Amino acid sequence: MTKFQPHIYFHSDMDSADEWREALASQFDDFKFSVGDEVDSPESVDVAMIWTLPDGGLERFVNLRAILSLGAGTNQLDPQRLPKRVPLARLVDASLTRTMVDYAKAAVYRYHRRFHIFEQQSRDRSWIYIPPTLTADTSVGVLGLGEIGREIAFAMQQEGFDVRGWSRSPKQLENIETYTGRDGLASMVGHCAIVINVLPLTDETRHILSRDLFDHFSDGTYLINLGRGMHLVEADLLDAIDRGRIEGATLDVASVEPLPDAHPFWNHPSILITPHVAGASIPMTAVVNIAANIRKALAGERLSQLFDAERGY
Ligand code: NDP
Ligand code: OXD
(Lines give C-alpha, C1' and ligand atoms only; values in the text may rest on other atoms or scores of the structure.)
(Ligands and ions follow the chains in the order given, each with its own letter.)
Protein backbone atom coordinates (compact mmCIF):
# COMPACT_ATOMS: atom_id res chain seq x y z
CA MET A 1 0.00 0.00 0.00
CA THR A 2 1.21 3.53 -0.79
CA LYS A 3 2.61 5.41 2.16
CA PHE A 4 1.31 8.98 2.00
CA GLN A 5 3.72 10.62 4.38
CA PRO A 6 7.09 10.41 2.65
CA HIS A 7 10.24 11.10 4.62
CA ILE A 8 12.47 13.07 2.26
CA TYR A 9 16.15 13.68 2.90
CA PHE A 10 17.62 16.78 1.17
CA HIS A 11 21.26 17.63 0.56
CA SER A 12 22.62 20.37 -1.70
CA ASP A 13 24.99 23.30 -1.47
CA MET A 14 23.49 24.70 -4.69
CA ASP A 15 19.75 24.59 -4.04
CA SER A 16 17.61 26.22 -1.39
CA ALA A 17 16.14 23.73 1.09
CA ASP A 18 13.46 26.26 2.07
CA GLU A 19 12.29 26.69 -1.52
CA TRP A 20 12.18 22.94 -2.01
CA ARG A 21 10.27 22.43 1.24
CA GLU A 22 7.71 24.96 0.06
CA ALA A 23 7.48 23.36 -3.39
CA LEU A 24 7.00 19.89 -1.90
CA ALA A 25 4.25 21.29 0.35
CA SER A 26 2.34 22.13 -2.83
CA GLN A 27 2.36 18.43 -3.75
CA PHE A 28 2.08 16.54 -0.44
CA ASP A 29 -0.36 17.28 2.42
CA ASP A 30 1.99 15.66 4.85
CA PHE A 31 5.67 14.84 4.56
CA LYS A 32 8.82 14.87 6.65
CA PHE A 33 11.78 16.87 5.34
CA SER A 34 15.25 16.31 6.77
CA VAL A 35 18.15 18.57 5.86
CA GLY A 36 21.78 18.32 6.94
CA ASP A 37 23.63 15.75 9.01
CA GLU A 38 21.24 15.38 11.93
CA VAL A 39 18.51 13.10 10.66
CA ASP A 40 15.97 11.89 13.12
CA SER A 41 15.20 8.15 12.51
CA PRO A 42 17.32 7.66 9.37
CA GLU A 43 15.73 4.24 8.88
CA SER A 44 12.46 5.97 8.00
CA VAL A 45 13.92 8.00 5.10
CA ASP A 46 12.18 6.97 1.87
CA VAL A 47 13.74 9.26 -0.71
CA ALA A 48 16.98 11.25 -0.99
CA MET A 49 16.92 14.45 -3.07
CA ILE A 50 20.53 15.44 -3.57
CA TRP A 51 22.87 17.45 -5.77
CA THR A 52 26.05 15.86 -4.39
CA LEU A 53 26.58 13.03 -1.93
CA PRO A 54 26.69 14.08 1.74
CA ASP A 55 30.00 13.27 3.50
CA GLY A 56 28.52 10.27 5.30
CA GLY A 57 27.00 8.83 2.09
CA LEU A 58 23.50 7.36 2.08
CA GLU A 59 24.11 3.92 3.63
CA ARG A 60 22.46 4.88 6.94
CA PHE A 61 19.13 5.25 5.09
CA VAL A 62 18.60 1.50 5.10
CA ASN A 63 15.05 1.67 3.72
CA LEU A 64 15.78 4.18 0.97
CA ARG A 65 13.62 3.62 -2.13
CA ALA A 66 14.87 6.27 -4.52
CA ILE A 67 17.68 8.74 -5.06
CA LEU A 68 16.55 11.80 -7.00
CA SER A 69 19.31 13.96 -8.49
CA LEU A 70 18.74 17.70 -8.24
CA GLY A 71 20.62 17.99 -11.53
CA ALA A 72 20.00 16.76 -15.05
CA GLY A 73 23.48 15.26 -14.85
CA THR A 74 24.32 12.58 -12.31
CA ASN A 75 28.12 12.39 -12.57
CA GLN A 76 28.52 14.84 -9.65
CA LEU A 77 27.01 12.09 -7.48
CA ASP A 78 29.55 9.54 -8.67
CA PRO A 79 26.88 6.86 -9.23
CA GLN A 80 29.47 4.14 -8.41
CA ARG A 81 29.41 5.33 -4.78
CA LEU A 82 25.63 5.15 -4.38
CA PRO A 83 23.87 2.16 -2.80
CA LYS A 84 23.44 -0.28 -5.73
CA ARG A 85 20.01 -1.51 -4.66
CA VAL A 86 18.43 1.96 -4.84
CA PRO A 87 17.29 3.39 -8.22
CA LEU A 88 18.67 6.79 -9.23
CA ALA A 89 16.70 9.26 -11.34
CA ARG A 90 17.93 12.47 -12.91
CA LEU A 91 16.07 15.75 -13.06
CA VAL A 92 14.04 16.72 -16.08
CA ASP A 93 12.39 20.08 -15.70
CA ALA A 94 10.89 22.59 -18.12
CA SER A 95 12.52 25.56 -16.40
CA LEU A 96 15.93 23.89 -16.51
CA THR A 97 15.54 23.12 -20.21
CA ARG A 98 14.27 26.63 -20.92
CA THR A 99 17.19 28.33 -19.17
CA MET A 100 19.65 26.09 -21.05
CA VAL A 101 18.00 26.98 -24.36
CA ASP A 102 18.14 30.71 -23.50
CA TYR A 103 21.81 30.46 -22.59
CA ALA A 104 22.63 28.59 -25.82
CA LYS A 105 20.79 31.21 -27.87
CA ALA A 106 22.59 34.09 -26.14
CA ALA A 107 26.00 32.46 -26.61
CA VAL A 108 25.33 31.60 -30.27
CA TYR A 109 24.05 35.09 -31.09
CA ARG A 110 27.05 36.68 -29.36
CA TYR A 111 29.25 35.01 -31.98
CA HIS A 112 26.82 35.18 -34.88
CA ARG A 113 26.34 38.97 -34.42
CA ARG A 114 30.03 39.47 -33.54
CA PHE A 115 29.36 40.96 -30.10
CA HIS A 116 32.54 39.26 -28.87
CA ILE A 117 34.48 41.45 -31.30
CA PHE A 118 32.46 44.61 -30.55
CA GLU A 119 33.08 44.09 -26.81
CA GLN A 120 36.79 44.34 -27.52
CA GLN A 121 36.31 47.21 -29.98
CA SER A 122 34.39 49.17 -27.33
CA ARG A 123 37.29 48.76 -24.94
CA ASP A 124 39.69 49.90 -27.71
CA ARG A 125 37.47 52.90 -28.77
CA SER A 126 37.47 51.33 -32.21
CA TRP A 127 34.61 51.93 -34.72
CA ILE A 128 34.92 49.19 -37.32
CA TYR A 129 31.90 48.03 -39.27
CA ILE A 130 31.43 44.27 -39.60
CA PRO A 131 28.47 43.42 -41.81
CA PRO A 132 25.89 41.12 -40.25
CA THR A 133 25.03 37.82 -41.92
CA LEU A 134 21.82 35.80 -41.99
CA THR A 135 21.31 32.98 -39.50
CA ALA A 136 20.86 30.61 -42.44
CA ASP A 137 24.53 31.20 -43.26
CA THR A 138 25.72 30.04 -39.83
CA SER A 139 25.72 26.33 -39.07
CA VAL A 140 25.35 25.19 -35.49
CA GLY A 141 26.14 21.66 -34.29
CA VAL A 142 24.72 20.25 -31.08
CA LEU A 143 26.42 17.35 -29.29
CA GLY A 144 23.70 15.50 -27.36
CA LEU A 145 20.08 15.44 -28.52
CA GLY A 146 18.39 14.47 -25.27
CA GLU A 147 15.92 16.42 -23.15
CA ILE A 148 18.00 19.60 -23.39
CA GLY A 149 20.08 19.22 -26.57
CA ARG A 150 17.01 18.44 -28.66
CA GLU A 151 15.30 21.65 -27.47
CA ILE A 152 18.44 23.68 -28.15
CA ALA A 153 18.59 22.23 -31.66
CA PHE A 154 14.90 23.01 -32.31
CA ALA A 155 15.29 26.56 -30.96
CA MET A 156 18.29 27.22 -33.21
CA GLN A 157 16.45 25.78 -36.17
CA GLN A 158 13.51 28.09 -35.47
CA GLU A 159 15.89 31.04 -35.47
CA GLY A 160 16.84 30.02 -39.00
CA PHE A 161 20.31 28.59 -38.28
CA ASP A 162 21.51 25.59 -40.24
CA VAL A 163 21.40 22.98 -37.46
CA ARG A 164 23.03 19.57 -37.11
CA GLY A 165 23.01 17.24 -34.13
CA TRP A 166 24.87 14.21 -32.80
CA SER A 167 23.61 11.50 -30.45
CA ARG A 168 24.32 7.89 -29.49
CA SER A 169 21.21 6.45 -31.10
CA PRO A 170 19.95 7.60 -34.53
CA LYS A 171 17.38 10.40 -34.54
CA GLN A 172 15.03 11.84 -37.09
CA LEU A 173 14.40 15.52 -36.43
CA GLU A 174 12.64 17.74 -38.90
CA ASN A 175 15.03 20.06 -40.78
CA ILE A 176 17.98 18.98 -38.62
CA GLU A 177 20.70 16.77 -40.05
CA THR A 178 21.61 14.13 -37.47
CA TYR A 179 24.72 12.02 -37.00
CA THR A 180 25.89 9.12 -34.82
CA GLY A 181 29.22 7.43 -34.11
CA ARG A 182 32.68 8.97 -33.93
CA ASP A 183 32.94 9.21 -37.72
CA GLY A 184 29.59 10.97 -37.80
CA LEU A 185 30.80 13.44 -35.18
CA ALA A 186 34.04 14.14 -37.05
CA SER A 187 32.10 14.75 -40.23
CA MET A 188 29.45 16.92 -38.51
CA VAL A 189 31.83 19.33 -36.77
CA GLY A 190 33.63 20.04 -40.04
CA HIS A 191 30.40 21.66 -41.29
CA CYS A 192 29.78 23.78 -38.18
CA ALA A 193 30.71 27.38 -37.43
CA ILE A 194 29.54 26.94 -33.82
CA VAL A 195 29.63 23.70 -31.79
CA ILE A 196 27.56 23.37 -28.62
CA ASN A 197 28.24 20.50 -26.20
CA VAL A 198 25.36 19.34 -24.02
CA LEU A 199 26.34 15.71 -23.47
CA PRO A 200 26.25 13.88 -20.15
CA LEU A 201 29.65 12.98 -18.71
CA THR A 202 30.28 9.24 -19.14
CA ASP A 203 33.29 7.01 -19.75
CA GLU A 204 32.63 7.42 -23.48
CA THR A 205 32.24 11.19 -23.49
CA ARG A 206 34.99 12.18 -21.03
CA HIS A 207 37.57 14.32 -22.92
CA ILE A 208 35.55 14.17 -26.12
CA LEU A 209 36.40 17.86 -26.71
CA SER A 210 40.05 17.23 -27.44
CA ARG A 211 42.65 17.78 -30.14
CA ASP A 212 41.43 14.65 -31.98
CA LEU A 213 38.06 16.30 -32.48
CA PHE A 214 39.33 19.87 -32.91
CA ASP A 215 41.42 18.66 -35.84
CA HIS A 216 38.14 18.01 -37.66
CA PHE A 217 36.88 21.57 -36.99
CA SER A 218 37.09 24.15 -39.76
CA ASP A 219 39.43 27.02 -38.91
CA GLY A 220 37.72 29.69 -36.80
CA THR A 221 35.05 27.50 -35.17
CA TYR A 222 33.41 28.63 -31.92
CA LEU A 223 32.90 26.19 -29.05
CA ILE A 224 30.20 26.45 -26.36
CA ASN A 225 30.48 23.92 -23.52
CA LEU A 226 27.36 23.51 -21.39
CA GLY A 227 27.94 19.85 -20.49
CA ARG A 228 30.63 19.17 -17.94
CA GLY A 229 34.17 20.49 -17.52
CA MET A 230 35.63 17.00 -17.90
CA HIS A 231 34.33 16.80 -21.47
CA LEU A 232 37.09 19.22 -22.41
CA VAL A 233 40.85 18.71 -22.50
CA GLU A 234 41.66 22.22 -21.39
CA ALA A 235 45.23 22.30 -22.76
CA ASP A 236 43.92 21.16 -26.15
CA LEU A 237 41.51 24.09 -26.24
CA LEU A 238 44.33 26.57 -25.63
CA ASP A 239 46.36 24.86 -28.34
CA ALA A 240 43.43 24.86 -30.80
CA ILE A 241 42.95 28.61 -30.17
CA ASP A 242 46.65 29.23 -30.76
CA ARG A 243 46.45 27.27 -34.02
CA GLY A 244 43.35 29.16 -35.16
CA ARG A 245 41.18 26.05 -35.24
CA ILE A 246 39.02 27.58 -32.53
CA GLU A 247 38.29 31.29 -32.66
CA GLY A 248 36.51 31.54 -29.33
CA ALA A 249 35.01 29.47 -26.54
CA THR A 250 32.19 30.02 -24.09
CA LEU A 251 32.57 27.71 -21.11
CA ASP A 252 29.86 27.35 -18.47
CA VAL A 253 31.58 24.40 -16.81
CA ALA A 254 35.15 23.64 -15.81
CA SER A 255 37.05 20.55 -14.70
CA VAL A 256 37.55 22.23 -11.31
CA GLU A 257 34.75 24.52 -10.12
CA PRO A 258 35.11 27.28 -9.14
CA LEU A 259 37.80 27.80 -11.74
CA PRO A 260 41.06 28.31 -9.78
CA ASP A 261 42.53 31.83 -9.64
CA ALA A 262 45.65 30.94 -11.56
CA HIS A 263 43.84 29.16 -14.37
CA PRO A 264 44.93 30.30 -17.88
CA PHE A 265 41.26 30.55 -19.00
CA TRP A 266 40.76 33.66 -16.81
CA ASN A 267 41.36 36.80 -18.80
CA HIS A 268 42.01 34.86 -22.01
CA PRO A 269 40.85 37.15 -24.84
CA SER A 270 39.13 34.30 -26.71
CA ILE A 271 37.42 32.64 -23.75
CA LEU A 272 34.29 33.65 -21.91
CA ILE A 273 33.70 31.92 -18.57
CA THR A 274 30.32 31.72 -16.84
CA PRO A 275 30.04 30.13 -13.38
CA HIS A 276 27.91 27.02 -14.17
CA VAL A 277 24.79 29.11 -14.56
CA ALA A 278 23.49 27.94 -17.92
CA GLY A 279 20.62 25.93 -16.49
CA ALA A 280 18.65 26.43 -13.32
CA SER A 281 15.61 24.58 -12.16
CA ILE A 282 12.93 26.43 -10.30
CA PRO A 283 11.62 24.24 -7.45
CA MET A 284 7.98 25.23 -8.06
CA THR A 285 8.14 23.78 -11.60
CA ALA A 286 10.70 21.02 -11.05
CA VAL A 287 8.71 19.63 -8.13
CA VAL A 288 6.08 18.22 -10.49
CA ASN A 289 8.39 15.52 -11.89
CA ILE A 290 10.12 15.07 -8.53
CA ALA A 291 6.82 14.50 -6.74
CA ALA A 292 5.71 12.06 -9.45
CA ASN A 293 8.89 10.06 -8.84
CA ILE A 294 8.42 10.19 -5.06
CA ARG A 295 4.92 8.73 -5.53
CA LYS A 296 6.29 6.05 -7.84
CA ALA A 297 9.02 5.16 -5.33
CA LEU A 298 6.49 4.82 -2.52
CA ALA A 299 4.24 2.69 -4.71
CA GLY A 300 7.17 0.45 -5.70
CA GLU A 301 6.88 1.50 -9.37
CA ARG A 302 9.68 2.09 -11.85
CA LEU A 303 10.97 5.68 -11.67
CA SER A 304 10.89 8.03 -14.64
CA GLN A 305 14.17 9.52 -15.95
CA LEU A 306 15.98 6.51 -14.53
CA PHE A 307 19.78 6.54 -14.64
CA ASP A 308 21.05 3.59 -16.69
CA ALA A 309 24.34 2.32 -15.24
CA GLU A 310 25.27 0.50 -18.43
CA ARG A 311 24.96 3.64 -20.62
CA GLY A 312 26.33 5.84 -17.84
CA TYR A 313 23.57 8.44 -18.12
P1 NDP B 1 19.75 13.33 -21.70
O2 NDP B 1 20.15 12.07 -21.02
O3 NDP B 1 18.31 13.60 -21.92
O4 NDP B 1 20.44 13.39 -23.14
C5 NDP B 1 21.76 13.01 -23.35
C6 NDP B 1 22.06 13.05 -24.85
O7 NDP B 1 23.44 12.74 -25.04
C8 NDP B 1 21.26 12.00 -25.61
O9 NDP B 1 20.88 12.50 -26.89
C10 NDP B 1 22.27 10.86 -25.78
O11 NDP B 1 22.05 10.03 -26.90
C12 NDP B 1 23.55 11.66 -25.95
N13 NDP B 1 24.71 10.84 -25.65
C14 NDP B 1 25.04 10.26 -24.46
N15 NDP B 1 26.17 9.54 -24.59
C16 NDP B 1 26.55 9.67 -25.89
C17 NDP B 1 27.62 9.16 -26.65
N18 NDP B 1 28.54 8.34 -26.12
N19 NDP B 1 27.70 9.49 -27.96
C20 NDP B 1 26.78 10.29 -28.53
N21 NDP B 1 25.72 10.81 -27.87
C22 NDP B 1 25.63 10.50 -26.57
O23 NDP B 1 20.44 14.53 -20.90
P24 NDP B 1 19.98 16.06 -20.78
O25 NDP B 1 19.75 16.60 -22.13
O26 NDP B 1 18.90 16.19 -19.78
O27 NDP B 1 21.30 16.71 -20.11
C28 NDP B 1 22.54 16.62 -20.76
C29 NDP B 1 23.67 17.14 -19.91
O30 NDP B 1 23.64 18.57 -19.84
C31 NDP B 1 23.65 16.74 -18.43
O32 NDP B 1 24.08 15.41 -18.25
C33 NDP B 1 24.60 17.75 -17.82
O34 NDP B 1 25.93 17.28 -17.98
C35 NDP B 1 24.43 18.96 -18.70
N36 NDP B 1 23.72 20.04 -17.99
C37 NDP B 1 24.41 21.18 -17.68
C38 NDP B 1 23.78 22.24 -17.06
C39 NDP B 1 24.50 23.52 -16.82
O40 NDP B 1 23.98 24.37 -16.07
N41 NDP B 1 25.65 23.74 -17.42
C42 NDP B 1 22.38 22.14 -16.62
C43 NDP B 1 21.73 20.91 -17.03
C44 NDP B 1 22.40 19.90 -17.68
P45 NDP B 1 20.69 9.17 -27.04
O46 NDP B 1 19.65 10.18 -27.45
O47 NDP B 1 21.00 8.21 -28.13
O48 NDP B 1 20.42 8.56 -25.70
C1 OXD C 1 22.60 19.89 -14.01
C2 OXD C 1 23.45 21.04 -13.80
O3 OXD C 1 23.11 18.83 -14.36
O4 OXD C 1 22.98 22.02 -13.21
O5 OXD C 1 21.37 20.03 -13.85
O6 OXD C 1 24.60 21.05 -14.24
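What you see below is based on every heavy atom in this structure, not just the backbone, and it leaves out hydrogens, waters and symmetry mates. For the single chain, residues carry numbers from 1 onward in sequence order. Computed from a predicted model, the values in this text were never measured in an experiment.
Side-chain N or O atoms of Ser16 include one that pairs as donor or acceptor with a backbone N or O of Glu19 at under 3.5 Å. A donor-acceptor contact shorter than 3.5 Å links the side chain of Ser95 to the backbone of Ile282. Here the side chain of His112 pairs a donor or acceptor atom with the backbone of Thr133 at under 3.5 angstrom. Not a single donor-acceptor pair under 3.5 Å links the side chain of Thr205 to the backbone N or O of Ile208. Panel note: side chain Ser34, backbone Val39; no donor-acceptor pair is recorded below 3.5 Å. A donor-acceptor contact shorter than 3.5 Å links the side chain of Asn225 to the backbone of Arg228. Glu147 places no side-chain N or O within donor-acceptor distance of the main-chain N or O of Thr97, the cut-off being under 3.5 Å.
Under a 4.5 Å side-chain heavy-atom cut-off, the cluster of Ile, Leu, Val, Met, Phe, Trp and Tyr residues that includes Leu272 has no other member.
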Discussion item. For Gln157 and Glu174: C-alpha separation, side-chain torsions, deciding distance, then whether side chain to side chain contact (heavy atoms under 4.5 Å, CB included) applies.
Written reply: CA-CA 9 Å; Gln157 198 271 326; Glu174 212 178 328; over 6 Å; no
Discussion item. Walk me through whether Val86 and Leu58 qualify under side chain to side chain contact (heavy atoms under 4.5 Å, CB included).
Written reply: CA-CA 10 Å; Val86 186; Leu58 299 174; over 6 Å; no
Worksheet item: Val140 and Thr135: side chain to side chain contact (heavy atoms under 4.5 Å, CB included), yes or no, with the steps?
Response: CA-CA 10 Å; Val140 176; Thr135 53; over 6 Å; no
Item to complete: Walk me through it: do Leu143 and Leu209 pass the test side chain to side chain contact (heavy atoms under 4.5 Å, CB included)?
Response: CA-CA 10 Å; Leu143 276 59; Leu209 305 174; 4.1 Å; yes
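Note on residues 283-313: no pairs pass ring-ring contact (aromatic ring centres under 6.0 Å, His included), not counting sequence neighbours. Within the structure, ring-ring contact (aromatic ring centres under 6.0 Å, His included) contacts touching residues 46-101 (residues at least two apart or in different chains) are Tyr9-Phe61. Legend: ring-ring contact (aromatic ring centres under 6.0 Å, His included) pairs involving residues 76-95, not counting sequence neighbours: none detected. Applying the ring-ring contact (aromatic ring centres under 6.0 Å, His included) test to residues at least two apart or on different chains, the pairs with a partner in residues 218-260 are Tyr111-Tyr222, His116-Tyr222.
Taking all atoms of both residues into account, the shortest heavy-atom contact from Met156 to Val108 is CE-CG2, 4.0 Å. Between Arg85 and Leu64, the closest heavy-atom pair is NH1-O, 3.4 Å. Closest of all the heavy-atom pairs between Pro260 and Trp266 is O-NE1, 2.9 Å. Annotation for Arg245 and His216: closest pair NH1-N, 4.4 Å, computed over non-hydrogen atoms. Pairing each heavy atom of Ile290 with each of Ser69, the nearest pair is CD1-O, 4.5 Å. In plain terms, the two heavy atoms of Ser281 and Leu70 that are nearest each other are OG-O, 4.4 Å.
With sequence neighbours excluded, the residues forming a side chain to side chain contact (heavy atoms under 4.5 Å, CB included) with Thr178 are Leu145, Lys171, Leu173, Ile176, listed by chain and number.
Contact of the Gln305 side chain with the Leu91 side chain is not registered, since no non-hydrogen atoms from C-beta on lie closer than 4.5 Å. At a threshold of 4.5 Å between non-hydrogen side-chain atoms, the residues Asn197 and Leu232 do not count as touching. Residues Trp166 and Leu199 have side chains in contact (heavy-atom distance under 4.5 Å, counting atoms from C-beta outward). Residues Val189 and Thr221 form no side-chain contact, since every pair of their non-hydrogen atoms from C-beta on lies 4.5 Å or further apart. Contact of the Leu238 side chain with the His268 side chain is registered, since non-hydrogen atoms from C-beta on lie closer than 4.5 Å. At a threshold of 4.5 Å between non-hydrogen side-chain atoms, the residues Pro6 and Val47 do not count as touching. Side chains of Thr250 and Tyr103 form a contact here, defined as non-hydrogen atoms less than 4.5 Å apart. You'll find the side chain of Arg243 reaches within 4.5 Å of the side chain of Arg211, heavy atoms only.
Heavy atoms of other residues, nucleotides or ligands lying less than 6.0 angstrom from CG of Asp219 number more than 12. Crowding of Arg302 atom CZ: a count of heavy atoms from other residues, nucleotides or ligands under 6.0 Å not exceeding 12.
Under 3.5 Å, the side chains of His263 and Glu234 contain a donor-acceptor pair of N or O atoms.
Asp102 and Lys105 are not joined by a salt bridge, as no carboxylate oxygen comes within less than 4.0 angstrom of a charged side-chain nitrogen. Salt bridge annotation for Arg182-Asp212: absent, with no cationic side-chain nitrogen under 4.0 angstrom from a carboxylate oxygen.
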